[in-house]
Amino acid sequence: QMCIRDRVGTAQGEVLAGGSSDYHFVTLPNPGSTQPVRIWALGDSGTKDDNARSVRDAYLALSSIEQPADALLMLGDNAYTNGTDTEYQDAVFQNMYEDILRNRVLWSTQGNHDLGAYFDIFDLPIAGEAGGIASGTEDYYSVDYGNVHLICLSSQDTNLCSDPNSLMYQWLSADLLATTQPWIIAYWHHPAYTKGSHDSDNAGDSSGRMEDMRVIALPILEAGGVDLVLSGHSHSYERSMFINGHYGQSASFDTGTHVVQTGDGDPAGDGAYTKNSEDGAVYITAGSSGKISGVNQHAAMQVWLNNLGSVIIDVDNDRMDVRFLRELD
């Protein structure tokens with residue numbers, strides 16, 4: 001890894017940003033390295049209001065006593081209401097996360113409100129330049145960060161997510177087969193399991209995108225060894241048990257069939273989940289980084305909260321710790 005300090009400006013020599021020690025970035029660690037990695041994940045954070053600021057400030061308070069995140073994930077709906085350039089400036093770049101983004105890498109997935117300038121704003125890896133198999137598109141891609149393999153999928157483009165034979169799913173199968181990383185985290189916007197402001201049991205909700213991802217994407221991911229799946233869209237925090245093989249509606253969820261390991265997964269409670277050779281993953285709906293809209297229990301969920309917050313993911317060699325970080329009062 002290298003720490004690089006630089007500045008950006010115009011061809012005429014005008015400095016737009018940089019030129020001080022605050023402006024730097026660290027290159028990605030070598031794929032497979034076992035150094036600790038921290039990821040900060042935000043879902044539906046684009047409200048550009050005090051709610052989003054309180055979630056941000058909780059992260060900054062944590063970073064003042066612990067190490068800051070190495071990378072950020074945005075789970076979609078990053079800038080309400082239409083994802084215009086102006087909305088992105090207010091919700092992300094100028095008035096919200098500008099100090100953090102001076103020296104942290106950010107990867108995103110497209111939400112249903114990111115329909116304006118999204119693909120102009122982000123420059124996402126399409127040629128395998130950050131690891132994984134080249135996707136050829138910013139709709140979906142993968143990244144190797146240390147010993148973590150990140151997979152971004154598109155649940156917004158129905159041509160990609162609703163067709164089992166789409167190029168996205170063909171690429172996903174190939175990418176999973178090719179990776180040798182011990183940890184796999186996947187993320188997209190529309191959750192496979194939720195009973196929050198959206199209902200994954202309702203095939204008409206969000207034009208069926210949640211059902212498509214559950215029925216088509218999940219079997220491929222679970223067979224490919226995925227460990228953690230993150231989504232937003234539903235304005236709540238919901239965390240599943242360690243589950244496998246459930247692709248139907250919540251009423252069909254059976255603890256004896258679909259739960260890989262019982263318990264709450266908390267090292268201070270029933271104990272952490274231990275993944276050996278079995279398929280299965282933990283699913284998180286984390287769409288409460290800017291607003292909350294109520295939540296009920298989905299049968300697959302261990303935790304369901306109607307609270308603002310974000311997700312902190314720590315990977316240290318063969319251990320992954322995941323926390324829901326509440327907003328700062």
Side-chain angles (χ1 to χ4, degrees), residues 43-44 73-78 82-83 107-116 118-119 122 124 126 132-142 150-177 184-226 228-235 238 240 243-253 258 279-281 283-287 298-300:
D44 300 66
L73 297 183
M74 284 192 165
L75 306 177
D77 288 359
N78 311 323
N82 300 306
W107 293 296
S108 176
T109 190
Q110 185 184 24
N112 54 291
H113 286 279
D114 298 307
L115 302 178
Y118 178 83
F119 291 108
F122 289 102
L124 301 167
I126 67 174
I133 297 294
S135 67
T137 174
E138 291 179 304
D139 282 303
Y140 52 90
Y141 58 89
S142 59
L150 298 167
I151 298 175
C152 174
L153 297 178
S154 174
S155 61
Q156 178 57 31
D157 189 329
T158 54
N159 293 322
L160 296 173
C161 70
S162 64
D163 180 2
N165 298 311
S166 74
L167 291 175
M168 181 174 77
Y169 293 127
Q170 294 178 41
W171 168 85
L172 174 62
S173 296
D175 187 71
L176 286 166
L177 184 63
I184 300 174
I185 299 174
Y187 59 103
W188 60 83
H189 185 61
H190 299 81
Y193 310 107
T194 184
K195 288 287 184 179
S197 58
H198 293 276
D199 184 356
S200 57
D201 281 345
N202 182 354
D205 191 326
S206 307
S207 301
R209 290 175 172 88
M210 292 182 287
E211 182 177 61
D212 289 337
M213 298 305 291
R214 184 175 66 251
V215 172
I216 305 173
L218 264 54
I220 301 172
L221 284 161
E222 289 181 349
V226 70
L228 177 66
V229 174
L230 303 167
S231 299
H233 192 50
S234 207
H235 302 144
E238 302 166 79
S240 80
I243 64 175
N244 178 54
H246 180 256
Y247 313 125
Q249 295 191 349
S250 59
S252 68
F253 186 86
H258 299 121
D279 294 335
Y283 294 85
I284 291 178
T285 299
H298 187 288

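For this chain, numbers begin at 1 and follow the sequence in order. Just so it is clear, the structure is predicted and the values come from calculations on it, not from any experiment.
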Going by the side-chain hydrogen bond (donor to acceptor under 3.5 Å, both in side chains) test, name the single residue among R214, K195, Q249 that passes it with D201.
K195

Separation of C161 SG from E211 CD (nearest 0.5 Å):
11.0 Å

Rounded to the nearest 0.5 Å, the CG atom of D114 sits from the CZ atom of F119 at a distance of 9.0 Å

Out of curiosity, I151 CD1 to Y141 OH, how far, rounded to the nearest 0.5 Å?
11.5 Å

Could you tell me whether the side chains of Q156 and Y118 share a donor-acceptor contact shorter than 3.5 Å?
no

Taking all atoms of both residues into account, what is the closest heavy-atom pair of M74 and N78, and its distance?
CB-OD1, 3.3 Å

Below 4.5 Å, heavy atoms only, C-beta onward: do Y193 and L218 meet side chain to side chain?
yes

Can you tell me which residue pairs pass the side chain to side chain donor-acceptor pair (under 3.5 Å) test with a partner in residues 164-175, sequence neighbours excluded?
S142-D175, H149-D175

Are a donor atom and an acceptor atom from the side chains of H233 and T285 found within less than 3.5 Å of each other?
no

Verdict with supporting geometry, Q110 and F122, side chain to side chain contact (heavy atoms under 4.5 Å, CB included):
CA-CA 10 Å; Q110 185 184 24; F122 289 102; over 6 Å; no

side-chain hydrogen bond (donor to acceptor under 3.5 Å, both in side chains) partners for T194, two or more places apart:
S234, E238

Does any part of the side chain of D44, heavy atoms only, come nearer than 4.5 Å to the side chain of H189, both counted from C-beta?
yes

Measuring from atom CG of L228 to atom CG of L221, what distance do you get when rounded to the nearest 0.5 angstrom?
11.5 Å

Start with the C-alpha gap between L115 and N82, add the side-chain angles, then the distance that decides, and say whether side chain to side chain contact (heavy atoms under 4.5 Å, CB included) holds.
CA-CA 6 Å; L115 302 178; N82 300 306; 6.0 Å; no

Minimum heavy-atom separation for S250 and A299, please, with both atom names.
O-CB, 3.6 Å

Scanning both residues in full, the closest heavy-atom pair of H190 with S155 reads ND1-OG, 2.6 Å

For the atom pair CD1 (I133) and CG (L176), what is the distance rounded to the nearest 0.5 Å?
10.0 Å

Between S206 and N112, do the side chains contain a donor N or O and an acceptor N or O under 3.5 Å apart?
no

Please find the pair of heavy atoms, one from Y140 and one from S154, that lie closest to each other, and give the distance.
CB-N, 4.4 Å

Check whether any side-chain heavy atom of I284 sits under 4.5 Å from a side-chain heavy atom of V229, and report yes or no.
no

Test side chain to side chain contact (heavy atoms under 4.5 Å, CB included) applied to T109 and L153, step by step:
CA-CA 7 Å; T109 190; L153 297 178; over 6 Å; no

Minimum heavy-atom separation for D205 and H198, please, with both atom names.
OD1-ND1, 2.8 Å

Run the side chain to side chain contact (heavy atoms under 4.5 Å, CB included) test on T158 and D212 for me, step by step, so that the C-alpha distance in whole Å, both residues' side-chain angles and the decisive distance to 0.1 Å come before the verdict.
CA-CA 9 Å; T158 54; D212 289 337; 5.6 Å; no

Side-chain contact, heavy-atom cut-off 4.5 Å: L124 with C152?
no

If we only count heavy atoms from C-beta on, is the L73 to W107 side-chain gap below 4.5 Å?
yes

Between S207 and R209 (side chain of the first, backbone of the second, donor and acceptor by atom type, cut-off under 3.5 Å), is there such a pair?
no

Hey, does P191 have a side-chain heavy atom less than 4.5 Å from the side chain of M210?
yes

Rounded at 0.5 Å granularity, tell me how far CE in M213 sits from OG in S200.
13.0 Å

